[in-house]
Number of protein chains: 2
Amino acid sequence: MSAASTSPRASEHRRRAARLPATRFDKRLGEILAHATDVFCKKGYEGASMRDLSRTSGMSLAGLYYYFQSKERLLFLIQKHTFTTIVEQLKTRLEGVGSAEQRIRIFILNHLEYFLSNQAAMKVLSHEDDALKNGFASEVKAIKREYYRICVSLLDELKRERGLQFSTRIAVLSLFGMMNWIYTWHHPRVDADADELARQMSDIFLCGVMNAARGRHRE
Amino acid sequence: MSAASTSPRASEHRRRAARLPATRFDKRLGEILAHATDVFCKKGYEGASMRDLSRTSGMSLAGLYYYFQSKERLLFLIQKHTFTTIVEQLKTRLEGVGSAEQRIRIFILNHLEYFLSNQAAMKVLSHEDDALKNGFASEVKAIKREYYRICVSLLDELKRERGLQFSTRIAVLSLFGMMNWIYTWHHPRVDADADELARQMSDIFLCGVMNAARGRHRE
DNA sequence: GGCTCATTCGAACGTTCGTTCGAACTGAGT
DNA sequence: ACTCAGTTCGAACGAACGTTCGAATGAGCC
């Protein structure tokens, strides 16, 4: 995991010193974030103690505070980095893809691929959704809203393209539920991989919204 | 919330005394469970302290321990009662309903209705899924498996009835994801009620599995 | 070898945690 | 009025919590 250097103390140091190209601090921070992600995934944010993180990352308890100011900020860094990465990756993949259906399939595939490749981080992102407070919470919520809006616009495209009528909000949030819930049940050894999962969920969801919207069940 | 009298200490008392019809203890316990459910919902199991529960339920810290032996057992009682109730209610509603599609619609409606009527309890059940350990965990897991199996059998019915082919496991868990995820976004004041939600999710899911299974996307 | 800043750590801070204990209170049965 | 089990509580327990501080160590530069 790579991490942006956001610690005021450390960035100040590096600006004044300007010796090492700022990679050393960021690299070590990234390692700590990776270990912390595993611990938060296994024990939950509240259930994990700084001493757990110290043991897992092989750094002393006090040493951790050189890299971030508080436990809450640590969770914030994990969530922000994870969410930012998945949104960026999505935008890249969506470029130049025309049909609305294909764009939604890419959205689903991107989400599930990233989810299964970074299961711990995505569980922490999904499960510790309201663990942050105030400024930290609102910054993550902003990225979340952007991600949500992208999905809404994709679905609205589909509705326009095909003349469908259904509640975009319910459809989008149902789709997120389908996808995010996998952190509660997916076991890499026995369950389908991201491609297969994306194919099946896309089929269910797309056939669902396209047929239900004009089928016998809806007005 | 009514609660079974499962405390060894108290049941022993009541068996010997046999004065009050065992309702007094259970009623008070039920009130405490209801308050505790709200606190667990708001702050999470690990994040909620016994002192929080004491304040909310208006009983002294030590007094709480007369009604249950530990914080973990308290969570267990909440989860077991909630899960047992929803399963029982489902079984009653499924009696005498013939078509597989209709039975699945009832399953979804029952789940969402109970979810929205008992949002706090269902969030605690969903979100604190792996907070329990050992014996407590396995007992709740057993009910969960039974509930899962019911949904699997309903979908297998549908597949047999209509000659469909798709992964039951992925379909069932996608459906659970759609439904359970609502605890992260549903606001009773602005969002659709259980009937409307059940109709839309049922349409998406049923049209999804029925068309995707023989449509152009699947072999 | 000394200088300087980046990094690490042992030890302790004050607070909060879940839980326990013995005493006090309550209320129906005699 | 007395009894006795059911119920409640104040006070305290040891443990674990997040965080801080000053000293020790590390590594690149003169």
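In this text, all values refer to a predicted model and were calculated from it rather than measured experimentally. Chain naming here is simple, since letters A, B, ... match the order of the sequence lines and numbering starts at 1 in each.
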A.B. asks: Considering residues at least two apart in sequence or located in another chain, which fulfil the ring pair (Phe, Tyr, Trp, His ring centres under 6.0 Å) criterion with A:Phe40?
C.D. replies: A:Tyr45
A.B. asks: Give me the atom names and distance for the closest heavy-atom approach of B:Asp52 to B:Gly47.
C.D. replies: OD2-O, 4.1 Å
A.B. asks: Below 30° counts as parallel, above 60° as perpendicular, anything between as tilted: where do the rings of A:Tyr147 and A:Phe83 land?
C.D. replies: perpendicular
A.B. asks: Can you build the contact string for nucleotides 14-20 of chain C? Use B for base contact, S for sugar-phosphate-only contact, and - for no protein heavy atom under 4.0 Å.
C.D. replies: ---BBBB
A.B. asks: Give the rounded distance in Å between these two atoms: CG of B:Leu53 and P of D:dC9.
C.D. replies: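 Rounded to whole Å, this separation is 14 Å.
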A.B. asks: Starting at atom CG of A:Leu64, determine the distance to atom P of D:dC17, rounded to an integer number of angstrom.
C.D. replies: 14 Å
A.B. asks: How long is the line joining CZ of A:Phe25 and C1' of C:dT8, in whole Å?
C.D. replies: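 Those two atoms, CZ and C1', are 13 Å apart.
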A.B. asks: Tell me: NZ of A:Lys43 to C1' of D:dC17, nearest whole Å?
C.D. replies: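 Rounded to whole Å, this separation is 13 Å.
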A.B. asks: Taking the basic N atoms (NZ, or NE/NH1/NH2) and the acidic carboxylate oxygens, is any pair closer than 4.0 Å for A:Glu139 and A:Lys144?
C.D. replies: no
A.B. asks: Can you measure B:Ile32 atom CD1 to D:dT8 atom C1' for me and round it to whole angstrom units?
C.D. replies: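 In whole Å, D:dT8 C1' and B:Ile32 CD1 are 11 Å from each other.
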A.B. asks: Pick from A:Thr84, A:Leu125, A:Thr37, A:Leu74: which one makes a side chain to side chain contact (heavy atoms under 4.5 Å, CB included) with A:Gln79?
C.D. replies: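 Of the listed options, the one satisfying the test is A:Leu125.
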A.B. asks: Would you mind reading off the distance between B:Arg24 atom CZ and C:dT26 atom P, rounded to a whole angstrom?
C.D. replies: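 Whole-Å distance recorded here is 12 Å.
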A.B. asks: Near A:Lys159 NZ, under 6.0 Å, is it more than 12 heavy atoms from other residues, nucleotides or ligands?
C.D. replies: yes
A.B. asks: For a stem of at least 3 consecutive Watson-Crick or G-U pairs with distances under 3.5 Å, i pairing with j, i+1 with j-1 and so on, which stems involve DNA chain C?
C.D. replies: C:3-28 with D:3-28
A.B. asks: Do A:Lys91 and A:Glu95 meet the salt-bridge criterion of a basic N to acidic O distance under 4.0 Å?
C.D. replies: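 Salt bridge between A:Glu95 and A:Lys91, a charged N being under 4.0 Å from a carboxylate O: no.
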A.B. asks: Hey, is the side chain of B:Tyr66 poking within less than 4.0 Å of OP1 or OP2 on D:dT8, counting only N and O atoms?
C.D. replies: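 Negative; the distance criterion is not met.
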A.B. asks: May I ask you to evaluate whether A:Arg28 reaches the phosphate of C:dT8, defined as a side-chain N or O under 4.0 Å from OP1 or OP2?
C.D. replies: yes
A.B. asks: So which atom in A:Ala192 and which in B:Ile170 form the shortest heavy-atom distance, rounded to 0.1 Å?
C.D. replies: CB-CD1, 4.2 Å
A.B. asks: Over 60° means perpendicular and under 30° means parallel, so tell me whether B:His111 and B:Phe107 are parallel, tilted or perpendicular.
C.D. replies: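 Because their plane-to-plane angle is under 30°, the rings of B:His111 and B:Phe107 count as parallel.
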